[in-house]
Each structure stands twice: as C-alpha cells, then as structure tokens.
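Predicted model, so just to flag it, every value in this text is computed and none were measured. Sequential numbering from 1 along the given sequence is applied to the chain's residues.
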Amino acid sequence: MTDRPSQGLLLRLAGPLQSWGTHSKYTRRDTARFPTRSGIVGMLAAGLGRARQAPVDDLTKLSMTVRVDRPGVVLSDFHTVGGGLPADETVITVDGKHRSEGKGTLTSKRQYLADAAFTLALTSDDEALLYECAAALRDPYWPLYLGRRSCPPEGPILLGHGEDPLRHLVHLPLAAKRPRSSRQPIEFYGDRPLGALPVNSDAPDKGDGDHHSGEITDEPMSFAPLARQYRPRPLYRRAVHLPDAAYKGFGTVYLKTLQNYIDTHFTTTERNTR
C-alpha cells in the first residue's frame, strides 16, 4: 500500500466490557483482543437499520485499521440458562420441543475484554458511503454495541469524518497512561498493509506492517440467523513507539484533549457528524 486513503471515519470504541468473537459457537463465546471486521460491519448495519438478511457487500468494502489504546484484560464469565423452570418453560431445542427434566439447564462460557479502548479508522474511496455510515453512527436506527448487546459504548462512537484518516489515527490522543517503559509499543491491526502509517519514531517498529501475520475468519458474507457465513482474510500487524506526549490518561483530562483535537482538525460539518 503506497498511497494513504484520502477519506475516512474515525471511531472511538471504549466501555466497561467489549467482546469481539472469532470462534464463538453455541455455548462457548470467545473474544479477539481487538475489534473484528464482522463486529464493526454488524455495528454499521445496525446503525443503518438493515435486517439480518440484508446484503452487506458495500460495507465489507470499507477498509479498517485499529489502534490499541488500552488492550484491557480478558474476563471469563460462566452463565447458566433455563435452570429451575417448569417443564413447559425450559429452553427450546432445535426441533421446537422443551428440554426434558434434568436437562433443562444449559451452561455457557463467555469471554469479554474489560477496560479496553480502541481508536479505529474506516476508509474508502466511496464518499457517499462514508457519509451514510457517519449519519448512522451519529443517529443509529438500532442501538450500537461493542460486539455484544450486553456491551454498550461509554460515549459517542464517531469522532469525525475527514481527510488523511491514517494520520489522525496515529495522532489522536491515546486513552492510556504513559507507560513506565518508553520501549512499550502501541499496536495497530489492519486488513491491508500498514507500512503507510505516517509514524515518526526514532525507535524501531516490531515488523514493517507490510507482511500479514496470519489470517482471521471475520470477513462477513451473511448475517442471516440460520445462514451466517464468514471467510478468512489476512491480518496485518504493526507495533510502533509513539511519543510520551501522545498519552493523555483517563477521565476529563483525556476527554478535553480529545475534544480539542477534534475542534482543531475537523471542520464544523465533520464535527456535526458526531
């Protein structure tokens, strides 16, 4: 990738809990350590008011680059469903019948990211699509959540809509405290090579970001309840050292710095898309 995308949306994904499943099935629900393409495309589809059976081919053309402000910690939760209910109220089986006595309780293991924060750039050459998505994030048709319905965002998701989004992705204030060691890098994940990230650092990167580090099966083909389909795509990773001044901590100090950045770098029209 030699040319940086000229237009894009900047998003902030933060909340007490997030969960971005990649191998979830039935009673086992995992989470990736960063937002997945399927999770973000699903969030956009919800904001646009699309039914689960509706196509998402246009949304999957958006390119996604994630900056990990705070990785958070993986929290494992154990659920039980259906226990202690009368026989005619237990969990329904696939053939439409109620579970028999003694088999009515289902157990489920679920993972979440606790106290994680991400900044994300969605880029495309389709400006009309970007404006449509910006409007949907500002005024969503259905509620937005961070991977699962039980994970609401802690504030507005859309930061702005502007030019040179990868530059903003690098320079937007970090929602994290300054690390004790200046050698601690910030990780970026993308669906395209990351060599074009406009990073100025004297410290060497961990990898050039132009060679994918593996595959992840999070490219949605269909969200239809009985016909969900995903395909693998290459995952690019780059870990870079950002200056200490980029770290703005938590709470009002960070939020004020973030708002100042938005007011300075985005036009009135772009700010109004929040």
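Residues Ala116 and Pro71 share a closest heavy-atom pair of CB-O, 3.7 Å. Taking each heavy atom of Leu169 and Thr119 in turn, the nearest pair found is CD1-O, 3.4 Å. Of all non-hydrogen atoms in Ser19 and Asp30, the two that sit nearest each other are OG-O, 3.7 Å.
Taking the ring pair (Phe, Tyr, Trp, His ring centres under 6.0 Å) definition, one finds that Phe223 meets it with nothing, sequence neighbours left out. For Tyr112, the ring pair (Phe, Tyr, Trp, His ring centres under 6.0 Å) criterion is met by no residue, not counting sequence neighbours. Pro232 is linked by a side-chain contact (heavy atoms from CB on, under 4.5 Å) to Glu215, Thr217, counting only residues two or more places apart in sequence or in another chain. By the side-chain contact (heavy atoms from CB on, under 4.5 Å) test, Asp58 is found to be paired with Arg50, Leu129, residues two or more places apart in sequence or in another chain being considered. Not counting sequence neighbours, the partners of Glu219 by the side-chain hydrogen bond (donor to acceptor under 3.5 Å, both in side chains) test are Arg37. Tyr254 is linked by a side-chain hydrogen bond (donor to acceptor under 3.5 Å, both in side chains) to Arg12, counting only residues two or more places apart in sequence or in another chain. For Asp115, the salt bridge (charged side-chain N to carboxylate O under 4.0 Å, His left out) test picks out Arg70, with sequence neighbours left out. Considering only residues two or more places apart in sequence or on other chains, Pro152 meets the side-chain contact (heavy atoms from CB on, under 4.5 Å) condition with none of them. Residues that satisfy the salt bridge (charged side-chain N to carboxylate O under 4.0 Å, His left out) test with Asp77, not counting sequence neighbours, are absent from this structure. Applying the side-chain contact (heavy atoms from CB on, under 4.5 Å) test to Pro143 and every residue at least two apart in sequence or in another chain returns nothing.
Taking the side chain as every heavy atom from C-beta outward, His161 and Glu127 never approach each other to under 4.5 Å. At a threshold of 4.5 Å between non-hydrogen side-chain atoms, the residues Lys61 and Asp126 do not count as touching. Counting heavy atoms from C-beta outward, His241 and Ile186 have side chains that stay 4.5 Å or more apart. The side-chain heavy atoms of Val170 and Val240, taken from C-beta on, include no pair separated by under 4.5 Å.
Around CZ of Phe250, the count of heavy atoms belonging to other residues, nucleotides or ligands within 6.0 Å exceeds 12.
Legend: side chain to side chain donor-acceptor pair (under 3.5 Å) pairs involving residues 222-233, not counting sequence neighbours, sorted by first then second residue: Asp218-Arg233. Every pair passing ring pair (Phe, Tyr, Trp, His ring centres under 6.0 Å) that includes a residue from residues 33-57 is listed here, sequence neighbours excluded: Phe34-Tyr189.
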Test side chain to side chain contact (heavy atoms under 4.5 Å, CB included) on Thr22 and Ile216 and set out the steps.
CA-CA 8 Å; Thr22 58; Ile216 180 171; 3.8 Å; yes

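Between His171 and Tyr261, the side chains place no donor N or O within less than 3.5 Å of an acceptor N or O (distance only, hydrogens not considered).
A salt bridge links Arg237 with Glu187; the closest basic N to acidic carboxylate O contact falls under 4.0 Å.
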